**Q** 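Structure in structure tokens, see below.
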Amino acid sequence: MQIPEVTPDATLNICLDTLKKGKQALVFVNTKRGAEKAAEDISKKTKLANAALTQLAEESLKALSKPTVQCERLARCLKEGVAFHHAGLHAKQKELIETNFRNGTVKIIACTPTLAMGLDLPAYRCVIRDLKRYSQRGMGFIPVLEYLQMAGRAGRPKFDNVGEAICIANSEHEKEDIQVRYIHGDPEDIYSKLAVEPVLRTYILSLIASNFVRTRKELMAFFGKTFWAHQFKDLDKLEHIIDKMLELLETWEFILPSGKDDFVSASELAKDVQHRPTVIGKRVAELYLDPLTAHELITAIRKANATKTTNVVAFLHAICTTLEMRPLLNVGTKDYDAVQRTLVEWDKQLLVNEPTAFDPEYDEYLNATKTAMMLHAWMEETDEQTLLDAFNVRPGELHVKTDNADWLLYSMMELANLLNCNDVIKSINKTRVRLRYGAREELIPLLKLEGIGRIRARSMFKAGIKDLGDVRKATLEQLTVLLGKAVALSVKKQTGEHH
DNA sequence: GGACGGTGAAACTTCAGGTTGCCTC
DNA sequence: GAAGTTTCACCGTCC
């Protein structure tokens with residue numbers, strides 16, 4: 001197969017050739033920035049602009065109350081029938097792109113591996129531009145499994161008999177390398193996810209909490225049958241790991257060993273220890289929290305209760321130090337000073353103490369702090385563009401983070417409830433509402449109204465309408481000016497007035 | 001002499017994704 | 001590893 005070399009860029013040439021055939025293509029790229037750049041470059045050459053695409057572009061700008069530079073860039077690409085797709089996009093924009101690719105309006109998508117994973121978005125051609133990607137160990141080849149995922153998007157069963165997956169090589173040497181490694185290579189072995197400690201901890205606790213297993217023997221028997229054990233082979237070591245975990249769960253008071261009041265003979269006890277969940281342990285399992293996280297949250301709650309902490313920053317910071325919030329924002333050389341300064345400022349109120357600078361966990365602590373700073377900025381009503389500039393966080397990523405944090409705050413409230421820390425519950429709930437809406441405390445009463453988010457609540461507040469009482473007092477005309485007719489009516493209705 | 005501006009080379013920085021966890025009265 | 005960004009030395013111009 002020969003592709004005309006219209007430009008020096010091979011990826012671009014393939015895309016233009018695909019368009020000439022009247023087909024669609026996906027271009028898999030290595031970074032978010034790369035995806036946007038690739039889409040932009042392609043969009044400059046497609047000459048597809050039409051009315052439907054212009055409308056699509058305009059729609060994509062409406063995803064946020066105030067479009068970010070990312071939104072504008074997407075709109076420019078969409079006008080030419082091209083899109084980029086990565087986790088930083090707002091959910092509405094992702095959906096818009098997906099449906100319009102499926103119906104054929106959008107011809108080319110440049111994307112990060114997002115599209116290869118979940119969604120079923122097949123295309124005639126898949127261009128796999130980057131087979132290397134940055135990871136903790138530096139730049140390296142992606143797994144064969146991942147290559148297969150991407151290549152598997154080529155060919156739409158309903159429309160084409162064939163599909164083409166094309167890798168881009170920059171040299172003869174690279175071409176051979178790709179052939180050996182990916183085209184003729186074997187996918188790597190699959191490893192059991194149980195091998196990861198947090199998963200194992202969670203699993204053991206949930207087995208005990210649900211009374212699925214009652215004794216150590218049963219627990220061992222259960223794990224003996226898993227894929228993990230099959231891979232692990234060394235059963236003695238496996239038992240040792242599980243025993244260590246049980247011990248931890250016991251010290252954290254999530255499970256009890258068989259009590260002295262139980263009628264079990266001494267010899268039997270030695271062979272087989274019985275485990276029961278505690279009330280808290282049961283709840284932790286239901287919440288699907290990693291027991292370590294739960295333990296850390298409980299420690300934080302106790303401290304908050306003892307010190308009468310009410311500051312939202314303290315709770316925000318506490319949840320950011322848990323494993324569940326990872327990956328965290330990275331503290332680079334540029335924001336190192338700012339993070340340090342904030343840490344000094346927050347120091348007295350924080351529930352999780354700063355490790356020493358020599359501690360291997362120190363960097364992650366700084367990252368957690370930066371993540372908390374970002375979420376805090378959001379709660380102080382910072383707009384999306386500013387968050388992008390200051391923290392390099394895009395709307396889609398913000399949503400993933402706030403959603404995650406919301407769940408952790410909820411879990412924290414549940415634990416505080418079991419610990420009878422009522423003041424703490426109140427403060428956490430305040431944090432949760434503010435985080436969800438990205439608003440300051442003073443807007444909370446207004447946010448209870450359906451159809452009112454941070455933007456509308458703020459404009460009402462500015463106009464002197466500060467709580468539900470004010471809403472009742474305000475005239476429909478007043479509200480209509482601020483919110484538009486439909487929303488004004490709905491708000492009035494919610495506060496008990498009927499028109 | 002000195003403030004300013006343009007230029008290019010070198011140094012530096014950054015880099016994918018996200019299942020389900022819960023509860024809404 | 002590669003692309004984008006910042007920094008910095010260097011040079012020329014104008015006052």
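Note that the structure is predicted; figures quoted are calculated from it, not measured. Numbered from 1 within each chain, the chains take letters A, B, ... in sequence-line order.
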**Q** Salt bridge or not between A:R76 and A:E40? Use side-chain N to carboxylate O under 4.0 Å.
**A**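 Between A:E40 and A:R76 there is a salt bridge, with a charged N closer than 4.0 Å to a carboxylate O.
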**Q** What nucleic acid atoms does A:E146 come within less than 4.0 Å of, heavy atoms only: base, sugar-phosphate, or nothing?
**A** base
**Q** For atom C1', what is the distance between B:dG18 and C:dA3, given to the nearest Å?
**A** 26 Å
**Q** A:F84 vs A:R73, test: side chain to side chain contact (heavy atoms under 4.5 Å, CB included). Steps then yes/no.
**A** CA-CA 9 Å; A:F84 52 84; A:R73 200 174 189 188; 4.2 Å; yes
**Q** Whole angstroms only, please: what is the CE-C1' distance between A:M412 and B:dC23?
**A**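 Whole-Å distance recorded here is 18 Å.
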**Q** Specify the separation, in whole Å, of atom CD1 of A:I428 and atom P of B:dC23.
**A**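 The distance from CD1 of A:I428 to P of B:dC23 comes to 16 Å, rounded to the nearest Å.
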**Q** Between the protein and nucleotides 18-22 of chain B, which nitrogen or oxygen pairs are less than 3.5 angstrom apart?
**A**
{"from": "B:dG21", "atom 1": "O3'", "to": "A:E286", "atom 2": "O", "distance (Å)": "3.4"}
{"from": "B:dG21", "atom 1": "N1", "to": "A:N404", "atom 2": "ND2", "distance (Å)": "3.4"}
{"from": "B:dC22", "atom 1": "OP1", "to": "A:E286", "atom 2": "O", "distance (Å)": "2.7"}

**Q** Counting only Watson-Crick pairs (N1-N3 plus N6-O4 or O6-N4) and G-U wobbles (N1-O2, O6-N3), all under 3.5 Å, who is the partner of B:dA16?
**A**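 Its partner is none (no Watson-Crick or G-U wobble pair with both distances under 3.5 Å).
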**Q** With a 4.0 Å cut-off on heavy atoms, is A:T202 in touch with a base, just the backbone sugar-phosphate, or nothing at all?
**A**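 Nothing: the residue A:T202, judged by heavy atoms under 4.0 Å, touches no strand.
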**Q** Would you say A:K32 places a side-chain N or O within less than 4.0 Å of OP1 or OP2 belonging to B:dT14?
**A**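 A:K32 to B:dT14 OP1/OP2: no side-chain N or O under 4.0 Å.
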**Q** Where along residues 171-189 of chain A does a heavy atom fall under 4.0 Å from DNA chain B?
**A** none
**Q** Provide, to the nearest angstrom, the distance between the CZ atom belonging to A:R436 and the P atom belonging to B:dC23.
**A**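 Rounding to the nearest Å, CZ of A:R436 and P of B:dC23 are 13 Å apart.
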**Q** Taking only side-chain nitrogens and oxygens of A:N392, does any of them come within less than 4.0 Å of OP1 or OP2 of B:dC15?
**A** yes
**Q** Please walk me through it: do A:F223 and A:L207 pass side chain to side chain contact (heavy atoms under 4.5 Å, CB included)?
**A** CA-CA 11 Å; A:F223 279 105; A:L207 284 172; 3.9 Å; yes
**Q** Do we get A:R181 above A:F141's six-membered ring, with its NZ or CZ under 6.0 Å from the centre and within 45° of the axis?
**A** yes
**Q** Establish, for the pair A:R454 and A:W378, whether the NZ or CZ atom is under 6.0 angstrom from the six-membered ring centre and no further than 45 degrees off its axis.
**A**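 So A:R454 does make the cation-pi contact.
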**Q** Take A:H90 and A:Q70 through the test side chain to side chain donor-acceptor pair (under 3.5 Å) and record every step on the way to the result.
**A** CA-CA 10 Å; A:H90 189 100; A:Q70 181 184 259; over 6 Å; no
**Q** Are any non-hydrogen side-chain atoms of A:I208 and A:I204 less than 4.5 angstrom apart?
**A**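 Counting from C-beta outward, A:I208 and A:I204 do come under 4.5 Å.
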**Q** Expressed as a whole number of angstroms, how long is the span from A:R137:CZ to B:dA16:C1'?
**A**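 Interatomic distance, CZ of A:R137 to C1' of B:dA16: 15 Å.
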**Q** Find the distance A:E397:CD to B:dC15:P and express it as a whole number of Å.
**A**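 So the two atoms are 9 Å apart, to the nearest Å.
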**Q** What's the verdict on side chain to side chain donor-acceptor pair (under 3.5 Å) for A:R125 and A:T18, showing C-alpha distance, side-chain angles and the deciding distance?
**A** CA-CA 7 Å; A:R125 262 185 192 154; A:T18 312; 3.0 Å; yes
**Q** Mind checking the OG1-CG spacing from A:T402 to A:L398? Nearest 0.5 Å is all I need.
**A**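 Separation between the atoms: 5.0 Å.
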**Q** Distance only, no hydrogens: is a donor on one side chain within 3.5 Å (strictly under) of an acceptor on the other, for A:Y124 and A:E164?
**A** yes
**Q** Taking atom P of B:dC12 as reference, at what distance in whole Å does atom CG of A:N330 sit?
**A** 18 Å
**Q** Spell out protein contact along nucleotides 1-7 of chain C as letters: B when the base is contacted, S when just the sugar-phosphate is, - when no protein heavy atom is under 4.0 Å; keep the 5' to 3' order.
**A** B--S---
**Q** Distance alone, cut at 3.5 Å: any donor-acceptor contact between the side chains of A:Q231 and A:S192?
**A**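 Side-chain D/A pair, A:Q231 to A:S192: absent.
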**Q** Go through the steps to decide whether A:F28 and A:V127 satisfy the test side chain to side chain contact (heavy atoms under 4.5 Å, CB included), and finish with yes or no.
**A** CA-CA 6 Å; A:F28 287 100; A:V127 184; over 6 Å; no
**Q** B:dG17 C1' sits how many Å from A:R394 CZ, rounded?
**A** 13 Å
